[in-house]
Amino acid sequence: MQDKPHVPRHTLIFKNALENLEALSQAANIIRAGGLVVMPTETVYGLGANAMDDAAVRSIFSAKGRPQDNPLIAHVADIADVGVLAASIPSLAAYLFSRFSPGPLTIVLQKKPEVPDSVCAGLATVAIRIPEHPLARALIRAAGVPIVAPSANISGRPSPTSFTMALADMDGRADAILDGGDCKHGLESTVIAVEGDTLRILRPGAVTSEMLREALLESDLFKACLILDATSEENHKPSSPGMKYAHYQPKAQVYIAQRIDQDSITDIFPHKKVGLIVLGDGSSQGRLEKTAPPYPDGSLALRVASRTEYARLLYRCFHLMDEAGVDVIVAQEAEQGGIGTALMNRLRKASSGRKI
């Protein structure tokens with residue numbers, strides 16, 4: 001079944017929605033009626049629909065221009081609600097939900113028959129998350145249904161981590177947008193699959209492999225479990241978002257550099273408007289610094305203080321670069337391990353592997 005072409009929508013804007021019960025009620029009604037609502041989470045803003053309504057789910061694909069074989073993540077408000085979607089919850093999955101939820105962890109489980117195939121791209125599994133953001137959980141509870149919510153952007157583009165970014169992509173594509181401030185983590189959730197005593201990381205995120213290993217070691221029941229990294233798989237039927245298609249790409253071409261040498265970059269990209277993302281020394285924590293660019297044509301240089309800040313602000317950097325109209329973005333490489341693994345995963349996707 002082909003998705004219907006996107007039909008422009010009148011988009012309602014709800015500011016301070018967590019403190020506005022009427023706005024939250026309206027948004028919940030839209031979800032129950034089969035509409036689309038952009039909601040904030042602690043990872044990125046998501047484009048939400050009723051996970052149990054096949055037509056509503058399919059409208060997400062047309063609104064985003066998303067391939068139909070790319071599965072979605074279903075969000076529930078509490079651990080007790082996981083069983084609404086999952087046919088069974090292995091003890092390892094239950095343990096990890098209890099350790100890291102609500103939060104940026106998604107677990108792929110066998111689905112119940114009533115979960116629409118459109119949610120799962122025709123697979124027998126469903127990806128489930130319990131978001132931490134209070135507005136996301138309040139909307140799920142008010143709607144009374146699980147909500148699928150892929151990132152609220154045009155497919156392939158950087159995920160929105162602020163209300164402004166979500167509005168730029170989803171105005172006219174969603175029925176409502178809830179303003180919940182800036183996202184805490186700024187990268188999409190960690191996705192794992194639990195298969196017996198094996199845990200496979202399908203997409204890295206803020207719940208790192210190191211954190212998962214530590215959690216397993218602290219448990220007498222699961223300390224012998226294996227953790228496998230499946231993020232490099234090129235599946236024809238991806239079991240998680242972010243595994244198959246080009247993602248997170250701004251309008252400019254992205255290149256990764258081990259270090260930023262402004263003079264050599266000038267030589268590599270003559271007559272180009274270049275954007276630089278420079279990893280700093282840990283000072284100016286929490287701020288995105290604009291540094292003096294080495295070019296006279298209005299090119300832009302942005303400095304991030306640490307790997308954690310780099311991850312949180314990566315998509316915002318891309319958004320600012322797009323607004324500045326740069327032709328090329330050169331992003332400094334970050335050390336692997338911890339959040340650096342997720343950060344470099346996104347940079348490799350955004351750059352399609354281009355390096356200088």
Side-chain angles (χ1 to χ4, degrees), residues 9 11 14 17-18 24 27-28 30-66 70-78 81-82 84-85 101-108 115-116 118-121 126-155 157-163 165-167 169-170 173-181 183-191 203 205-206 240-242 247 315:
R9 301 167 184 246
T11 302
F14 294 121
L18 191 58
L24 195 59
I30 290 170
I31 292 290
R32 283 194 295 270
L36 302 181
V37 175
V38 173
M39 68 179 191
T41 78
E42 73 278 13
T43 57
V44 300
Y45 274 70
L47 179 61
N50 181 354
M52 310 307 286
D53 182 337
D54 180 68
V57 173
R58 289 185 178 278
S59 68
I60 285 179
F61 289 90
S62 58
K64 283 176 57 72
R66 182 185 177 97
N70 201 4
L72 304 176
I73 294 173
H75 299 71
V76 296
D78 299 285
D81 299 325
V82 172
V84 173
L85 301 162
S101 297
L105 179 69
T106 297
I107 302 182
V108 177
V115 178
S118 53
V119 172
C120 315
V126 59
I128 305 171
R129 183 162 95 84
I130 306 163
E132 179 186 352
H133 198 292
L135 185 50
R137 296 180 78 194
L139 177 62
I140 297 166
R141 288 193 178 110
V145 294
I147 294 179
V148 287
S151 53
N153 59 321
I154 305 302
S155 188
R157 302 270 292 130
S159 301
T161 58
S162 70
F163 167 75
M165 292 174 66
L167 182 65
D169 266 12
M170 288 294 114
R173 291 178 176 269
D175 297 295
I177 301 177
L178 304 178
D179 182 2
C183 298
K184 176 180 177 180
H185 296 294
L187 293 182
E188 299 81 2
S189 64
T190 303
V191 182
R203 182 178 71 186
S240 163
H247 281 75
Y315 297 146

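The two residues Leu47 and Val38 have their closest heavy-atom pair at CD1-CG2, 3.8 Å.
Taken from CE in Met170 to CZ in Arg9, the straight-line distance is 10.5 Å, to the nearest 0.5 Å. Taken to the nearest 0.5 Å, the CD1 atom of Ile177 stands 6.0 Å off from the CZ atom of Phe163. Atom CG of residue Asn50 and atom OG of residue Ser59 lie 10.5 Å apart, to the nearest 0.5 angstrom.
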message = If you apply the rule side-chain contact (heavy atoms from CB on, under 4.5 Å), what do you find for Thr161 with His185, and how did you get there?
response = CA-CA 9 Å; Thr161 58; His185 296 294; over 6 Å; no
request  = Evaluate the side-chain contact (heavy atoms from CB on, under 4.5 Å) criterion for residues Ser159 and Glu188: first the C-alpha distance (whole Å), next the side-chain angles of each, then the deciding distance (0.1 Å), finally the verdict.
outcome  = CA-CA 8 Å; Ser159 301; Glu188 299 81 2; 2.4 Å; yes
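Checking Asp78, Val82, Asp81 one by one against Ile130, the side-chain contact (heavy atoms from CB on, under 4.5 Å) holds for a single residue, Val82. If you run side-chain contact (heavy atoms from CB on, under 4.5 Å) between Pro131 and each of Ile140, Val76, Ile73, Thr43, only Ile140 comes through.
Side-chain atoms of Tyr45 and Asp169, non-hydrogen and from C-beta on, never get closer than 4.5 Å to each other. Within the 4.5 Å cutoff, side-chain heavy atoms of Leu139 are placed close to those of Val37. Side-chain contact between Cys183 and Glu42 is absent, with no heavy-atom pair separated by less than 4.5 Å. Here the side chains of Val115 and Cys120 are in contact, with some heavy-atom distance below 4.5 Å. Side-chain atoms of Ser189 and Leu105, non-hydrogen and from C-beta on, never get closer than 4.5 Å to each other. Arg173 has its side chain out of reach of Leu36: every pair of non-hydrogen atoms, C-beta onward, lies at least 4.5 Å apart. By the 4.5 Å heavy-atom criterion applied to side chains, Leu178 and Pro40 are counted as neighbours. The side-chain heavy atoms of Ile107 and Arg129, taken from C-beta on, include no pair separated by under 4.5 Å.
Side-chain atoms of Thr106 and Arg203 form no donor-acceptor pair, as typed in the model, at a separation below 3.5 Å.
Here the side chain of His75 pairs a donor or acceptor atom with the backbone of Ile147 at under 3.5 angstrom. In terms of modelled atom types and a separation under 3.5 Å, the side chain of Ser101 and the main chain of Gly103 share no donor-acceptor contact. Remark: side-chain polar atoms of Arg32 are paired, donor with acceptor, to backbone N or O of Ala142 under 3.5 angstrom.
Salt bridge present: Asp54 and Arg58 bring a charged side-chain N and a carboxylate O closer than 4.0 Å.
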